2 protein chains.
Amino acid sequence: MKTKNPQKESRSTGTVTMLDVAEYAGVSAQTVSRVVSNSSLVTDKTRRRVEEAIQALRYIPNEAARSLASASSRVVAVIIPTLSSTAFAAEVKSVIDTLEPHKISVIIGNTEYSQEREEAIVQSLLERRPMGVILTGLQHSAKVRSLLQESGVAVIETWDTDGEPIDMAVGFSNFTAGYDVGKLLCGRGAKQIAFVGGASTQDSRAQSRYLGLCKAVKEAKLPAVLRVELQLPMNASDGVRGLDEVLRDAPMTDAIFFSADTMALAAILECNRRGIKVPEQLAICGFGDYELAAMITPSLTTVRTKPDEMGATAAQMLLARINEVEDAATKIVLTHQLVRRGSA
Amino acid sequence: MKTKNPQKESRSTGTVTMLDVAEYAGVSAQTVSRVVSNSSLVTDKTRRRVEEAIQALRYIPNEAARSLASASSRVVAVIIPTLSSTAFAAEVKSVIDTLEPHKISVIIGNTEYSQEREEAIVQSLLERRPMGVILTGLQHSAKVRSLLQESGVAVIETWDTDGEPIDMAVGFSNFTAGYDVGKLLCGRGAKQIAFVGGASTQDSRAQSRYLGLCKAVKEAKLPAVLRVELQLPMNASDGVRGLDEVLRDAPMTDAIFFSADTMALAAILECNRRGIKVPEQLAICGFGDYELAAMITPSLTTVRTKPDEMGATAAQMLLARINEVEDAATKIVLTHQLVRRGSA
DNA sequence: TTGTACGCGTTATCAG
DNA sequence: CTGATAACGCGTACAA
């Protein structure tokens, strides 16, 4: 015989449930469910009664129960190298803001540029059965790929379009961006160009920019690019470090492409301090178009990407997939823009 | 009679469940549960067998089901004004990194400095039955307070300790920080001081700093502080805007306290451009000690807070509460530090 | 150490 | 338009 005692031998957590609301309003639990999920099949009158009951009892739906019963989670995971980068933070913010009206929460994973951490994070996040996973870049371990593909979640890779996505992708061509910078630097007469960025194996996007740069340099028949690898994640002081390494290893260098604006800005400030004339003696180009890039003297030549547009687009692609939109795009290439200012 | 057909008239989602693993391994579902949750009451031999089954079937536990059954969610919510601020981003990152080893996910809410948005976010987040909620500041609407208190979640308020927390708090005294800046500026001979920050009603932490500044100014018997209110969220260009407003409304101003370093940095760059000598003609003080603060010329005098330590501490306080640690602290005041550099 | 029975709070399904 | 019933996948409690 089934237990019909609501309060007796139950494990009740003591919180207000749909059943409580239903009793109070004199309807069935199912009707409460319909009201909560905004189903149209409810009379205005009953709806009002139920809403009053909800207010009176301060009922708060239980998302875990809804998830379990409906097999759908209202959660999206965003996995980025680090939230310390303003670019990634801006992307994430945009994803959150786009998804919030849909009552979809965003869970963040920081990989610290480590593939092992990415694996661990993906594995653990999948337990939440997210509606989608937004990754950074197109380079992931075989395990991450298979984990994601077998789970069947929607996957969106961001920040890069030079390659084949697991599922969907939105970003820009880092290779082309690097090539553009190369053309600019060569065009303005640079003879010896250096690139400062993270380890090639860890940041494949920066690596693509480097390769694009190399292509332009080769076309201009200039000597090979000096590549300075710094440990990720990089910060402003790495800009000074990078500058030092370049000037030590190749004193004749007359142009540096930094893989992030923070470093480029720090390098400009350091050059100003040391009396190195930018861009006359040393041209400097950054990446990201941070806020201060336009304000510093000399102002920083850089590449503008659109982290927030990327985040919003990624979120919308996810929504389209969830809503089973027919002609939804599967790969979106955003434009980047070479912003020429005073430093190069 | 109960339905015993596992695959027939079930709503089966087609995914691998504990029961599948149990059958495969020839044990009961409960034993699988024990293995997954690392219970010690399992023979090494059975454990291995179960683990093989898990591998073979690629079983991924369902967090929603676990949450529902155990009435506990492994989720913590962090609500901040905006992820665009590097300080908040750093705090959040720290929370995530501290909680990740415990398999607790972090959900972020952006209020954009709006109390209504905060209400909506809290309301909707509570459906996930988070283990804790981390808020920014001590000022919240009555609805947010009651919502939180009635739900019984652990609440941690950050970034401010000048007031009474709902539950727990970790931060520093913005008032004292402002006072310290005031003492410094007065001490170095400023006669007319200005403060540039967000609307007093929206950013009560900046408001506290302003009040602290005023106290020091009053003690020094100087004329009242000019307060320039900018629209939140503020960015670097607001630094120039603030500078302009100050010089227009009170041209005799010889010291400005900006409520964030980004603005202060932009103001210094602008002064350099205009030939305004910092600090001789105009002393400038920031808040936050951003990376570039030490690198700019003149280097920026500012207040160093510790967003990452704050995030980590908040997370640890939450863990302590969850683990029912007896003597757990309920209010932690971190030190801030006035970093005197070249600009003031 | 392992297994059995049942409930967690909601939605899907179908009958009325 | 509303209600009854049976899952959803797992942990708790207790028995063996």
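Everything numeric in this text was worked out from a predicted model, so none of it was measured. Here is the naming used below: chain letters follow the sequence lines, and residue numbers restart at 1 for every chain.
For the pair A:Y59 and B:G26, both in contact range of DNA chain C, the more 5′-proximal nearest nucleotide belongs to B:G26.
Residue A:R74 contributes atom CZ, which lies 12 Å from atom C1' of C:dT11 at whole-angstrom precision. Rounded to an integer number of Å, the gap from A:E63 CD to C:dC8 C1' is 15 Å. Atom pair A:R66:CZ and D:dG9:P shows a separation of 18 Å (rounding to whole Å applied). Taking atom CD of A:Q30 as the reference point, atom P of D:dA7 lies 15 Å away to the nearest angstrom. Atom pair A:N62:CG and D:dC8:P shows a separation of 18 Å (rounding to whole Å applied). The CD-C1' distance, from A:E23 to D:dG3, rounds to 15 Å in whole Å. Separating the CG atom of A:L68 from the P atom of D:dC8 is a distance of 9 Å, rounded to the nearest angstrom. With rounding to whole Å, B:M18 atom CE is found 13 Å from C:dG3 atom P.
Taking OG1 from A:T31 and CZ from A:R49, the interatomic distance works out to 9.5 Å, rounded to the nearest 0.5 Å. Rounding to the nearest 0.5 angstrom, the gap separating the OH atom in B:Y59 from the OG1 atom in B:T15 is 9.0 Å. Atom-to-atom distance recorded for A:S105:OG and B:I108:CD1 is 10.5 Å, nearest 0.5 angstrom.
Of all the residues in residues 43-51 of chain A, not one reaches under 4.0 Å from DNA chain C with any non-hydrogen atom.
Of the charged side-chain nitrogens involved, none lies within less than 4.0 Å of a carboxylate oxygen, so that A:E51 and A:R48 do not count as a salt-bridged pair. Ion pair B:E150/A:R58 flagged as a salt bridge, since at least one NZ, NE, NH1 or NH2 atom sits closer than 4.0 Å to an Asp/Glu carboxylate oxygen. Using a cut-off of 4.0 Å between Lys/Arg side-chain N and Asp/Glu carboxylate O, B:E112 and A:K93 are scored as salt-bridged. No salt bridge links A:K143 with A:E118; every basic N to acidic carboxylate O contact stays at or beyond 4.0 Å.
When the side-chain nitrogen and oxygen atoms of A:S70 are compared with OP1 and OP2 of C:dT11, none of them lie within a distance under 4.0 Å. The phosphate of D:dT2 (OP1 or OP2) has no side-chain N or O of A:T31 nearer than 4.0 angstrom. Between A:T15 and the phosphate of C:dG9, there is a side-chain N or O to OP1/OP2 separation shorter than 4.0 Å.
The one candidate from B:I134, B:I80, B:D97 that meets the side chain to side chain contact (heavy atoms under 4.5 Å, CB included) condition with B:V92 is B:I80.
Comparing atom distances between the B:R34 side chain and each of D:dT2, D:dG11, C:dT2 picks out C:dT2 as nearest. Of the candidate nucleotides D:dG3, D:dG11, C:dT10, C:dT10 has the atom lying nearest to any side-chain atom of A:A69.
Taking only distance into account, the side chain of B:R129 never meets the base of C:dG9 through a donor-acceptor pair shorter than 3.5 Å.
Not counting sequence neighbours, the partners of A:K103 by the salt bridge (charged side-chain N to carboxylate O under 4.0 Å, His left out) test are B:E127.
Using a 4.0 Å heavy-atom criterion, one finds that A:V27 contacts the sugar-phosphate atoms exclusively.
For the pair B:P81 and B:L232, the minimum side-chain heavy-atom distance is 4.5 Å or more.
Axis deviation across the helix from C:dT1-D:dA16 to C:dG16-D:dC1 amounts to 30°, comparing end segments of five pairs, rounded to 10 degrees.
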